[in-house]
Amino acid sequence: MRLRKRRETAAPAPQHDANAIELHGIQRRYGRGRTAVHALRGIDLALPRGSFTAVMGPSGCGKSTFLQCAAGLDRPTAGSVRLGGTEITGMSENKLTALRRARLGFVFQSFNLLPSLTVEQNVLLPMRLAGARPDRHRAREVLAQVGLGEQIRRRPGELSGGQQQRVAIARALVTRPDVVFADEPTGALDTNTAAEVLTLLRQAVDAMGATVVMVTHDPVAASYADRVLFLADGAIADRLLRAPAHEIAERMTRLTARTPAPATAPATAWAAEGVR
Ligand code: ADP
């Protein structure tokens, strides 16, 4: 019985394509008819393994929807997503869940660590959830790589915000996923701690070959990426390669100026979010 369950939910084995993720003609519509919202209007994208991509854009432009569709958390209305060579479009919910656990990593603004577990147990969790044997050697290796080799028995509440985000990054990397999705990973951190966390994500790409896709409002955070994609009204409106923060901020300002703000997000929201 147990064996059967495992087989049903096993994630398809990764195929080693050059691209970690490919999106073809991704559309996502909420609702129907005249009141339908077109959150994504046809996204085409291929991100090579070992790349760091930032996704930016005004509130309501489709960043969250993009992340959710790319990570198999939401189903596009049209188009297809290939993850490490595996077509995930149309996959059953069980298989998608297994695939996410085995082959994707997630880093959130609010860390999302389990407070009752130790640092090491938090990092072992993705392996447990994926039904794999928890590999403590691997967990300790990745914790050492993020500079927390001495903290493995502590609980999240005993760590600073920056340290907690390091644990979350270790947890995201422990399964050597095809892609790490980071949603505003520095949103809750002060400037110096944010810089440390971004340097760590950069190192994960450069030294460990990870592929990172990060949604951010912050041009400084985006400047750590190899490429910045700018979304506007559900489409890729612009992109920059290896750009400094001031150039990214300037591009954002131009984009925001020509994008009508949604009713829920006043035009001044950008100023409040630190973009000038
Ligand atoms: P962002 O993350 O850039 O702020 P979102 O992806 O959250 O943008 O939203 C894109 C558009 O889709 C917005 O107009 C938003 O109001 C709409 N939207 C998002 N989720 C839903 C939903 N569940 N139902 C209806 N509309 C939605």
Side-chain angles (χ1 to χ4, degrees), residues 21 23-45 47 52-81 83 88-89 93 96 100 104-112 179-189 194 201 212-223 225 227-240 245 248-276:
I21 185 162
L23 274 65
H24 297 285
I26 292 294
Q27 297 181 26
R28 179 65 166 102
R29 186 192 64 229
Y30 294 107
R32 292 177 169 277
R34 285 200 303 139
T35 55
V37 175
H38 296 274
L40 297 177
R41 295 174 184 270
I43 304 274
D44 289 294
L45 191 62
L47 301 179
F52 188 173
T53 304
V55 180
M56 301 189 82
S59 282
C61 71
K63 298 183 295 296
S64 305
T65 308
F66 164 84
L67 207 66
Q68 298 211 336
C69 287
L73 290 160
D74 188 10
R75 290 181 190 273
T77 318
S80 66
V81 178
L83 195 77
I88 69 166
T89 321
E93 211 50 57
L96 258 182
R100 275 196 306 270
L104 295 181
F106 292 92
V107 180
F108 303 95
Q109 177 170 348
S110 50
F111 320 137
N112 290 21
V179 184
V180 172
F181 290 100
D183 193 357
E184 298 281 4
T186 55
L189 304 175
L201 286 173
V212 176
V213 178
M214 171 178 74
V215 165
T216 183
H217 281 113
D218 178 4
V220 174
S223 71
R227 86 198 67 202
V228 186
L229 303 176
F230 296 90
L231 290 186
D233 199 19
I236 297 176
D238 210 344
R239 47 184 97 202
L240 280 174
I248 297 168
E250 190 256 330
R251 206 60 76 92
M252 240 348 279
T253 308
R254 249 197 278 164
L255 194 68
T256 312
R258 65 170 204 248
T259 308
T264 48
T268 50
W270 281 105
E273 284 157 0
V275 177
R276 294 180 223 294

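In each ligand, atom 1 is the first atom listed, and ligand 1 is the first ligand listed.
If you check each of M56, K63, R28, R29 against atom 3 (O) of ligand 1, the one with the closest non-hydrogen atom is K63.
At least one heavy atom of C61 sits closer than 4.0 Å to an atom of ligand 1. The shortest separation from a heavy atom of P58 to ligand 1 is under 4.0 Å, placing the residue in contact.
For ligand 1, the polar-atom distance check finds no N/O of A39 at less than 3.5 Å from any of the ligand's N/O atoms. Taking only nitrogen or oxygen atoms, main chain and side chain alike, F66 does not reach within less than 3.5 Å of ligand 1.
With hydrogens and angles ignored, the 3.5 Å screen pairs no side-chain donor or acceptor of T65 with any backbone N or O of A39.
Which parts of ligand 1 touch V37 is read off a 4.0 Å heavy-atom cut-off, strictly below it: atoms 12 (O), 14 (O), 17 (C). Residue S59 has at least one heavy-atom neighbour below 4.0 Å for each of these atoms of ligand 1: 4 (O).
Heavy atoms from both the backbone and the side chain of T65 come within less than 4.0 Å of ligand 1.
Of the candidates V228, T53, L45, R239 forms a side chain to side chain contact (heavy atoms under 4.5 Å, CB included) with just one, namely L45.
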Side chain to side chain donor-acceptor pair (under 3.5 Å) evaluation trace for H38 with Q27: CA-CA 8 Å; H38 296 274; Q27 297 181 26; 5.7 Å; no

Verdict with reasoning, V55 to L67, per side chain to side chain contact (heavy atoms under 4.5 Å, CB included): CA-CA 9 Å; V55 180; L67 207 66; 6.0 Å; no

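Between K63 and M56, the closest heavy-atom pair is CD-C, 3.7 Å.
In this structure the side chain of L255 reaches within 4.5 angstrom of the side chain of P58, judged on heavy atoms.
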